[in-house]
Colleague: 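Structure in structure tokens, see below.
Lettering follows sequence order; numbering is per chain, from 1.
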Amino acid sequence: MAPYFIQFSYIVAAALFILSLKWLSHPTTARRGVRVGELGMALAILGTLVHQDIVSYRWILVGCVLGSAIGLPMAVFMPMTHVPQRTALSHAFGALAAALVGTSEYYLHTGALGTFTMAALSLEVILGYLTFTGSLMAFGKLQDLVPSRPIVYRGQNVVNLSLFAVAVGTAVYLVMHPGQSGLFPVVAGLSLLFGVLLIIPIGGADMPTVISLLNSYAGLSAAAMGFVLDNNLLIVAGALDGSSGMILSVIMCRAMNRSFTNVLFGGFGQVQKAVGTAEQRSVRSATPEEAAAILEAATSVIVIPGYGMAVAQAQHKVRELYDALTRRGADVKFAIHPVAGRMPGHMNVLLAEADIPYDRLLEIEEINPDFPRADVALVIGANDVTNPAARHDRASPIYGMPILDVDKARTVMVIKRSMSPGFAGIDNELYYMDRTMMLFGDAKVFVGELMKELTGSHVRV
Amino acid sequence: MPSSLEGALFVFLLATFVGFEVIRRVSPLLHTPLMSLTNAISAISLVGSIVIAGGEKSQLSTVLGTIAVVCAMANVVGGFVITDRMLKMFKKREPGK
């Protein structure tokens with residue numbers, strides 16, 4: 001009876017997981033998707049608890065209680081600006097779970113594993129351990145525990161690749177001679193080390209791609225675990241996670257016009273240091289009063305938020321500005337570049353948290369035709385994604401990257417701390433245009449001053 | 001287990017295709033919740049960890065299995081809760097505003 005119940009619960013759970021992701025596609029049905037996913041998960045866990053191999057529940061109980069004690073506070077109290085960190089940590093957890101299950105399976109059946117099972121197990125363990133340490137490194141960089149700038153040294157790629165080759169080579173030998181249990185720790189250790197070395201040279205602004213890629217690896221190692229345990233539900237869930245991570249990585253790479261190899265082995269942001277300091281051009285700087293006067297007269301405004309806005313914690317002030325302008329009858333929209341933020345879609349979550357309606361958040365393809373008709377484009381903490389050089393300057397390192405057509409708006413306002421270049425280390429020609437006003441200062445403070453001007457004059461009228 | 005190998009690869013292939021089709025349709029607006037939800041779903045590795053931790057076949061496997069249960073359970077609970085917390089914030093404009 002029990003085996004039938006397990007199989008049945010797994011089949012239903014797999015269907016529920018797919019439905020869950022289907023419903024997630026739109027904000028109106030998304031929460032139903034979460035409910036259904038939870039249901040599937042509960043069913044699968046219940047089904048597993050009657051498994052004939054289980055002799056005692058005490059450690060399961062201990063693990064579940066401890067796990068909930070770790071996971072729940074992280075989910076409930078984590079500020080939305082820290083979601084990328086939490087995500088990196090959860091990739092690390094997921095990958096570690098897969099790697100540890102693989103490890104115990106190996107030691108339980110040393111020598112008795114078939115070639116195919118052993119191959120899947122090696123894949124599970126390699127991906128699991130490297131994703132574990134890689135995600136911890138990504139977490140460290142996002143949390144500023146580790147310097148987020150790329151750490152590069154001569155011959156880095158050669159070192160990394162040969163290390164990985166040795167790990168895979170050892171694993172292949174182990175697949176052919178599964179009894180050589182002395183080699184197993186070598187594979188595990190090298191994978192752990194490789195995960196660290198893989199992420200060290202990657203800079204903070206590449207995190208969206210890296211997180212997506214780690215997501216994919218964590219999913220694939222769960223799928224590999226499904227092959228080892230002969231468990232179709234694990235294969236389905238792992239494949240869903242793996243393909244999701246893969247799609248997001250591709251979207252992120254496209255948004256930066258870069259390839260996987262370039263992100264992983266490029267050491268971006270190092271090469272172009274010398275570019276852009278050549279000439280001193282003058283910019284037009286403006287005060288909050290001047291900027292507010294123009295905003296007051298504007299009927300259509302597009303706000304371009306970047307990671308700098310989140311760093312300055314300015315999203316709630318931006319929401320007040322949105323309210324004030326909307327009340328004056330202006331049409332205010334937000335232009336969201338795919339890599340605005342530290343993980344895919346992060347900026348949308350931050351603005352949604354500040355109560356900005358989601359139908360005001362537009363993607364690059366939707367918003368770009370609107371820029372020529374916009375009175376004001378207000379850039380807050382974004383830089384490279386607004387640089388017109390990406391369209392025409394073949395020599396520019398960001399040439400070909402899809403950008404927001406901010407320069408086509410009638411007036412461009414840029415809130416920025418100083419003239420320091422962005423992540424790519426290049427000058428932004430947007431700042432030197434005649435119709436660009438540079439608003440120097442902290443994003444939160446400056447938007448607050450804009451608000452004061454706007455509402456102050458409102459009272460006077 | 002050659003017969004089940006074929007079946008397992010079949011399942012993997014189909015699930016990957018379904019995954020690509022379903023996830024391609026997710027609006028970029030929701031990419032962050034998407035990642036936390038798929039993360040929670042792939043924490044289904046909990047079922048594998050449970051069998052190992054509860055099997056108590058060797059001391060090593062029990063210890064590793066229990067740690068794996070902790071990790072996977074943290075993702076199950078945390079993943080679903082934070083996804084819902086994020087989705088709750090996505091609101092349309094109130095009519096008349």
Colleague: For chain A, which candidate among B:Lys57, B:Lys88, B:Arg24 shows the most heavy-atom pairs at distances under 4.5 Å?
Modeller: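 Looking at each option in turn, the highest pair count goes to B:Lys88.
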Colleague: Looking at B:Lys92, is its backbone amide N or carbonyl O close enough to the side chain of A:Asp359 to form a donor-acceptor pair, meaning the two atoms are under 3.5 Å apart?
Modeller: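 A pair under 3.5 Å: no.
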Colleague: Top residue by heavy-atom pair count (under 4.5 Å) with chain A, among B:Leu14, B:Val70, B:Val18?
Modeller: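 Most heavy-atom pairs within the cutoff with chain A belong to B:Val70.
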Colleague: Is B:Leu60 in contact with chain A via its backbone, its side chain, both, or neither, using a 4.5 Å heavy-atom distance?
Modeller: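 Interface part for B:Leu60: side chain.
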Colleague: At a heavy-atom separation under 4.5 Å, does A:Asn231 approach chain B through its side chain, its backbone, both, or neither?
Modeller: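 The answer is the side chain of A:Asn231.
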Colleague: Closest heavy-atom contact between B:Met73 and A:Gly63?
Modeller: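 Taking every non-hydrogen atom into account, CB-O, 4.3 Å.
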Colleague: CG/A:Asn348 to CE/B:Met89 distance, rounded to the nearest 0.5 angstrom?
Modeller: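 One finds 10.0 Å between CG of A:Asn348 and CE of B:Met89.
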Colleague: Quick one: which of A:Cys64, A:Ser212, A:Gly37, A:Ala95 has the most heavy-atom pairs under 4.5 Å with chain B, could you say?
Modeller: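 Most heavy-atom pairs within the cutoff with chain B belong to A:Cys64.
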Colleague: Is B:Leu34 in contact with chain A via its backbone, its side chain, both, or neither, using a 4.5 Å heavy-atom distance?
Modeller: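 For B:Leu34, heavy atoms of backbone and side chain both lie under 4.5 Å from chain A.
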Colleague: Go through A:Leu240, A:Ile60, A:Ile356, A:Ile70 and name the one with the most non-hydrogen pairs under 4.5 angstrom from chain B.
Modeller: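 Heavy-atom pair counts peak at A:Ile60.
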Colleague: Under 4.5 Å between any side-chain heavy atoms of A:Met74 and B:Val77, yes or no?
Modeller: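 The answer is no, as the side chains (C-beta and beyond) never meet within the 4.5 Å cut-off.
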Colleague: Counting only heavy atoms closer than 4.5 Å, note whether A:Ser221 contacts chain B via side chain, backbone, both or neither.
Modeller: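 Contact with chain B: none, neither part.
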Colleague: Chain B: which of A:Gln52, A:His91, A:His26 shares the most heavy-atom pairs with it under 4.5 Å?
Modeller: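 Ranked by heavy-atom pairs under 4.5 Å with chain B, first place is A:His91.
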Colleague: Quick one: pull up CG in A:Leu24 and CG in B:Leu87 and give me the separation to the nearest 0.5 Å.
Modeller: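 Answer rounded to 0.5 Å: 6.0 Å.
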Colleague: Please determine, among A:Pro27, A:Ser56, A:Gly47, the option with the most heavy-atom pairs under 4.5 Å with chain B.
Modeller: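 Sorted descending by pairs with chain B, the first entry is A:Ser56.
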Colleague: Around B:Gln59, counting heavy atoms of other residues, nucleotides and ligands shown, do more than 12 lie under 6.0 Å from its CD?
Modeller: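 Open: at most 12 neighbouring heavy atoms sit under 6.0 Å from CD of B:Gln59.
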Colleague: Chain A heavy atoms under 4.5 Å from B:Leu9: which part of the residue, side chain, backbone, both or neither?
Modeller: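 B:Leu9 touches chain A through backbone and side-chain heavy atoms alike.
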Colleague: Given a strict heavy-atom distance threshold of 4.5 Å, which part of A:Val236 is in contact with chain B: side chain, backbone, both, or neither?
Modeller: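 Answer is both: backbone and side chain atoms of A:Val236 are under 4.5 Å from chain B.
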Colleague: What is the minimum heavy-atom distance between B:Ala53 and A:Trp59, and which atoms define it?
Modeller: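 In this case the closest contact between B:Ala53 and A:Trp59 is O-CB, 4.1 Å.
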Colleague: In this structure, are over 12 heavy atoms from other groups packed under 6.0 Å from A:Trp23 atom CH2?
Modeller: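 More than 12 within 6.0 Å, yes.
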Colleague: Do you know which of B:Leu29, B:Thr62, B:Val76 has the most heavy-atom pairs with chain A at a distance under 4.5 angstrom?
Modeller: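 That would be B:Leu29.
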Colleague: Looking at CG of A:Leu248 and CD1 of B:Ile23, how far apart are the two atoms once the value is rounded to the nearest 0.5 Å?
Modeller: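 Those atoms lie 8.0 Å apart.
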Colleague: What is the distance from atom CZ of A:Arg35 to atom CG of B:Asp84, rounded to the nearest 0.5 Å?
Modeller: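 Going from CZ on A:Arg35 over to CG on B:Asp84, the span is 4.5 Å.
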Colleague: Top residue by heavy-atom pair count (under 4.5 Å) with chain A, among B:Glu21, B:Glu56, B:Arg25?
Modeller: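 Among the listed options, the one with the most contacts to chain A is B:Glu56.
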Colleague: Shortest non-hydrogen contact from B:Val47 to A:Ala44?
Modeller: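 Heavy atoms only, the tightest pair is CG1-O, 3.9 Å.
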Colleague: Is there a side-chain contact between A:Ser25 and B:Val22 in this structure, where contact means two heavy atoms from C-beta onward sitting under 4.5 Å apart?
Modeller: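 Side chain of A:Ser25 against side chain of B:Val22, heavy atoms only: no contact under 4.5 Å found.
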Colleague: Is there a side-chain contact between A:Leu234 and B:Ser45 in this structure, where contact means two heavy atoms from C-beta onward sitting under 4.5 Å apart?
Modeller: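 A:Leu234 reaches B:Ser45 side chain to side chain.
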Colleague: Measuring from atom OH of A:Tyr107 to atom CG of B:Leu64, what distance do you get when rounded to the nearest 0.5 angstrom?
Modeller: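 Going from OH on A:Tyr107 over to CG on B:Leu64, the span is 9.5 Å.
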Colleague: Using a cut-off of under 4.5 Å on heavy-atom pairs, state which of A:Asn215, A:Leu362, A:Leu49 scores highest against chain B.
Modeller: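 The residue among A:Asn215, A:Leu362, A:Leu49 with the greatest pair count is A:Asn215.
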Colleague: With only heavy atoms counted, which part of A:Ala223 is less than 4.5 Å from chain B, the side chain, the backbone, both or neither?
Modeller: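 Answer is side chain: those atoms of A:Ala223 sit under 4.5 Å from chain B.
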Colleague: Do A:Leu220 and B:Phe12 have side chains that approach each other closer than 4.5 Å (heavy atoms only, starting at C-beta)?
Modeller: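 They are in contact (side-chain heavy atoms under 4.5 Å apart), so the answer is yes.
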Colleague: Go through the atoms of B:Val51 and report whether side chain, backbone, both or neither lie under 4.5 Å from a heavy atom of chain A.
Modeller: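 Contact with chain A involves both backbone and side-chain atoms of B:Val51.
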Colleague: If I measure from the heavy atoms of chain B, does A:Ile251 come under 4.5 Å with its side chain, its backbone, both, or neither?
Modeller: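 Contact with chain B involves the side chain of A:Ile251 alone.
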Colleague: Sort A:Val76 into side chain, backbone, both or neither according to what part of it lies under 4.5 angstrom from a heavy atom of chain B.
Modeller: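 A:Val76 touches chain B through backbone and side-chain heavy atoms alike.
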Colleague: Does any backbone or side-chain atom of A:Leu351 lie under 4.5 Å from a heavy atom of chain B? Answer side chain, backbone, both or neither.
Modeller: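 For A:Leu351, no heavy atom lies under 4.5 Å from chain B.
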Colleague: Is B:Ser49 in contact with chain A via its backbone, its side chain, both, or neither, using a 4.5 Å heavy-atom distance?
Modeller: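 B:Ser49 touches chain A through backbone and side-chain heavy atoms alike.
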Colleague: Would you compute the distance between atom CD1 of B:Ile50 and atom OH of A:Tyr57 and round it to the nearest 0.5 angstrom?
Modeller: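 With rounding to 0.5 Å, CD1 (B:Ile50) is 9.5 Å from OH (A:Tyr57).
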Colleague: Given that the side chain runs from C-beta out, which part of B:Ile41 has a heavy atom under 4.5 Å from chain A: side chain, backbone, both or neither?
Modeller: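 Backbone plus side chain of B:Ile41, per the 4.5 Å heavy-atom cut-off to chain A.
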Colleague: Is any side-chain heavy atom of A:Arg86 closer than 4.5 Å to a side-chain heavy atom of B:Ser36?
Modeller: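 Of all side-chain heavy-atom pairs linking B:Ser36 with A:Arg86, at least one is under 4.5 Å.
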Colleague: Identify which part of A:Tyr106 has an atom lying under 4.5 Å from any heavy atom of chain B, answering side chain, backbone, both or neither.
Modeller: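 When you check distances to chain B, no heavy atom of A:Tyr106 falls under 4.5 Å.
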Colleague: Any sub-3.5 Å donor-acceptor pair from B:Thr32's side-chain atoms to A:His346's backbone N or O?
Modeller: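 Side chain of B:Thr32 to backbone of A:His346, a donor-acceptor pair under 3.5 Å: yes, one is there.
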Colleague: Name the option with the most non-hydrogen atom pairs under 4.5 Å to chain B; the candidates are A:Gly345, A:Ala75, A:Ser20.
Modeller: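 Between A:Gly345, A:Ala75, A:Ser20, the count favours A:Ala75.
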Colleague: For A:Glu38, which atoms come within 4.5 Å of any heavy atom of chain B: side chain, backbone, both, or neither?
Modeller: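 Contact with chain B involves both backbone and side-chain atoms of A:Glu38.
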Colleague: Looking at every non-hydrogen atom in both residues, tell me the closest pair between B:Arg85 and A:Phe77 and how far apart they are.
Modeller: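 Closest heavy-atom pair between B:Arg85 and A:Phe77: NH1-N, 4.1 Å.
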Colleague: Please flag which part of B:Ile52 lies under 4.5 Å from any non-hydrogen atom of chain A: side chain, backbone, both or neither.
Modeller: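 Contact with chain A involves the side chain of B:Ile52 alone.
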Colleague: Of the backbone (N, CA, C, O) and the side chain (C-beta and beyond), which part of A:Asn232 lies under 4.5 Å from a heavy atom of chain B, both, or neither?
Modeller: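 Interface part for A:Asn232: both.
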Colleague: Taking the side chain as C-beta and beyond, is there a heavy-atom pair between A:Leu21 and B:Val26 under 4.5 Å?
Modeller: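 Not in contact.
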Colleague: Given that the side chain runs from C-beta out, which part of A:Ala222 has a heavy atom under 4.5 Å from chain B: side chain, backbone, both or neither?
Modeller: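 Contact with chain B: side chain only.
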Colleague: With a 4.5 Å cut-off on heavy-atom pairs, point out which of B:Thr83, B:Ile67, B:Leu37, B:Asn39 contacts chain A the most.
Modeller: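 Heavy-atom pairs under 4.5 Å are most numerous for B:Asn39.
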Colleague: So which of B:Val63, B:Asn75, B:Leu13, B:Val69 has the largest heavy-atom pair count under 4.5 angstrom toward chain A?
Modeller: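 Of the candidates given, the most pairs with chain A belong to B:Asn75.
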